Amino acid sequence: MPFSAVDAISPAFHHTRRQLFQPFRFGQWVRLALVGLLAGELSGGSCNAPNISNFNVPRHPGTEHFLAPGFAGIDPALYVGLIAVIVIAAFVLGIVFMYISSVMRFILFDSVLTKECHIREGWSQRQGPGWRFFLWKLLYTLVTMGALIVVVGIPAGTAFALGWFNKPKEHVVPLVLAGIAVFFVVIILVVAMAVVYVLTKDFVIPQMALENIGALEAWNRLWPMMTAEKGGYAGYVGMKIALALGAAIILGIIGFIFALIILIPVGGIAFAAVIAAKSAGIGWTVYTITLAVVAGCVLLAIFLSVSALISVPAIVFFPAYSIYFFAARYPALRAVLYPAPPAPAAPQIPPVTTPPPIEPPPIPPDPEPIG
C-alpha cells in the first residue's frame, strides 16, 4: 500500500517532538522562530487599530477639517514627496524581504531535515538556490497580478464600454450577475495560485536543495509525479488544509491569550497617554504621528516575536510533514532522510606467520687429550 498523506502525520509528529523536546534547547527554539517568521511559515494574525475618532484636535477657524496646528503652513508638495518616499521604500523593503524569505526557506528545510538550525552557515551555503527561488517568486507574483488584472479588468472594461456604469440603475441585473461571476473566478484563481505556491515550497524546494536545479526544472520533474498519482497529492493538499485549520485554531487561542497579556498593560498606557495629551491640548502633529508610528512598530515587533515563538511546533511540523510524504516518492530525499546503516566491518583475521625453522643444537667441542 502506498505511503499516504495520513501515514505521514505520525512520523512528522515524532520528528517534531524529537527535534524540539529531546532535548529542549531554547537557542534552537529561538532560531527556528526567526527562520520560520522570515521564511513565511508563520501565519500572520490581525489586530485592530486603536479608535482615535474621539481624539479631538484643534481646528482652524473657517474650516471643516481636523487639522493640527503642526501641519499649518507646510507645502503640500512635501506631503506628495513623503508619500512617494514611503511607497518606494515599501517596494524596496518588499523586494529585500522577498529575497530574505527565499533563502530562509532553504535554511528551514535544512533545519528540519537535519534537526539542527544554523542560520549563519545556511545563509552562506544557500545563496544560489535562494536566488533561483527568488526569481521564481518574482515571476509567480507578476503572473498572479497579471491574471487578476485580466480577470477583473476585462469585465470592468466591457461594462464601461457598454455604458453600464453611466446608468447603473438601468443595468442592475447584468452588473450583479457579472460581479458574482467575477467574484467566483477570482476566488478560483486565488485558490489555484495558492495551491501552486504550497506545492512549490513543499515539493520543489527539496529538489532545488538536494540537486541544485532551478524551480522550473523541478516543476518539470514534479508534474509527472503528480499526474501519475493524482489521488495521493490531492489527499495531501486536503489533509494539509485540515491540519492547517486545526493548527490555526489552537495557535490562535494561545496567541489571543498572550495578546491579551501584552495588550492590556500597553493599552492602559496608551489610553493614559491619550488622556494626558487631550488634557494638555496636544493634537496630531508631525511629531505625535511619528511617535505613534514608532510605538506601533515596536508593539507589532513584540507581537510578531511572541507569535513566532508560540508557532515553533507548527513551523517544524508542516515542513516535516511534507518531507516525510515526499520522501516516499523522491529517492534523493529518502536517501537523506533514511540514511543506509554503515556496512559492518569485516572481521580482522590475524596474519598467518610461519614459525622460524628449528635449528639443531650446537655440537659440543671435542675434549682435549690428557697428558
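Everything quoted here is computed from the prediction, not taken from an experiment.
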Is there a donor-acceptor pair closer than 3.5 Å between any side-chain N or O of [X] and the backbone N or O of [Y]?
{"X": "Y140", "Y": "M193", "value": "yes"}
{"X": "N220", "Y": "L216", "value": "yes"}
{"X": "W29", "Y": "L309", "value": "yes"}
{"X": "R31", "Y": "C117", "value": "yes"}
{"X": "Q19", "Y": "S111", "value": "yes"}
{"X": "H15", "Y": "V112", "value": "yes"}
{"X": "R126", "Y": "D110", "value": "no"}
{"X": "K230", "Y": "T227", "value": "yes"}
{"X": "S311", "Y": "A308", "value": "no"}
{"X": "E41", "Y": "L37", "value": "no"}

Are [Y] and [X] connected into the same hydrophobic cluster when the rule is that any two of I, L, V, M, F, W, Y join if their side-chain heavy atoms are below 4.5 Å apart?
{"X": "V150", "Y": "L148", "answer": "no"}
{"X": "L135", "Y": "V96", "answer": "yes"}
{"X": "V185", "Y": "V196", "answer": "yes"}
{"X": "I261", "Y": "V306", "answer": "no"}
{"X": "I257", "Y": "L299", "answer": "no"}

Is there a side chain to side chain contact (heavy atoms under 4.5 Å, CB included) between E211 and R221 once you walk through the steps? CA-CA 12 Å; E211 300 190 49; R221 299 183 181 185; 2.5 Å; yes
Give, for atom [atom1] of [X] and atom [atom2] of [Y], the distance between the pair rounded to the nearest 0.5 Å.
{"X": "L189", "Y": "T144", "atom1": "CG", "atom2": "OG1", "result": "7.0 Å"}
{"X": "D202", "Y": "I323", "atom1": "CG", "atom2": "CD1", "result": "9.0 Å"}
{"X": "S307", "Y": "L300", "atom1": "OG", "atom2": "CG", "result": "9.0 Å"}
{"X": "I88", "Y": "I83", "atom1": "CD1", "atom2": "CD1", "result": "12.0 Å"}
{"X": "I254", "Y": "I249", "atom1": "CD1", "atom2": "CD1", "result": "12.5 Å"}
{"X": "F106", "Y": "K201", "atom1": "CZ", "atom2": "NZ", "result": "13.0 Å"}

Smallest separation among heavy atoms of [X] and [Y], with atom names:
{"X": "M208", "Y": "P129", "result": "CE-O, 3.8 Å"}
{"X": "V312", "Y": "A33", "result": "CG2-CB, 3.6 Å"}
{"X": "G130", "Y": "S102", "result": "O-CB, 3.4 Å"}
{"X": "I95", "Y": "F134", "result": "O-CE1, 3.7 Å"}
{"X": "I9", "Y": "F317", "result": "O-CE1, 4.0 Å"}
{"X": "A5", "Y": "Y236", "result": "CB-CA, 3.6 Å"}

Does [X] reach the side chain of [Y], with side-chain heavy atoms less than 4.5 Å apart?
{"X": "V204", "Y": "L199", "answer": "no"}
{"X": "H171", "Y": "L162", "answer": "no"}
{"X": "P206", "Y": "F326", "answer": "yes"}
{"X": "W131", "Y": "V103", "answer": "no"}
{"X": "K137", "Y": "Y99", "answer": "no"}
{"X": "Y330", "Y": "F203", "answer": "no"}
{"X": "L108", "Y": "V316", "answer": "no"}

Ring centres of F258 and F303 under 6.0 Å apart? no
In terms of ring plane angle, is the pair F133 and W136 parallel, tilted or perpendicular, where the classes change at 30° and 60°? parallel
Do E116 and R25 meet the salt-bridge criterion of a basic N to acidic O distance under 4.0 Å? yes
L113 vs L333, side chain to side chain contact (heavy atoms under 4.5 Å, CB included): CA-CA, chis, key distance, verdict: CA-CA 9 Å; L113 186 61; L333 181 58; 4.1 Å; yes
With a distance cut-off below 6.0 Å to the six-membered ring centre and an angular limit of 45° from the axis, does R329 pair with F325 as a cation-pi contact? yes
Can you tell me if [atom1] on [X] sees more than 12 non-hydrogen neighbours from other groups inside 6.0 Å?
{"X": "F97", "atom1": "CZ", "answer": "no"}
{"X": "F24", "atom1": "CZ", "answer": "yes"}
{"X": "F184", "atom1": "CZ", "answer": "no"}

Show, in sequence, the C-alpha distance, side-chain angles and deciding distance for L222 and T200, and conclude whether the side chain to side chain contact (heavy atoms under 4.5 Å, CB included) test is met. CA-CA 9 Å; L222 177 63; T200 300; over 6 Å; no
Working note: Y233 + M225, criterion side chain to side chain contact (heavy atoms under 4.5 Å, CB included); need CA distance, chi angles, decisive distance, verdict. CA-CA 9 Å; Y233 285 92; M225 301 183 197; 3.7 Å; yes
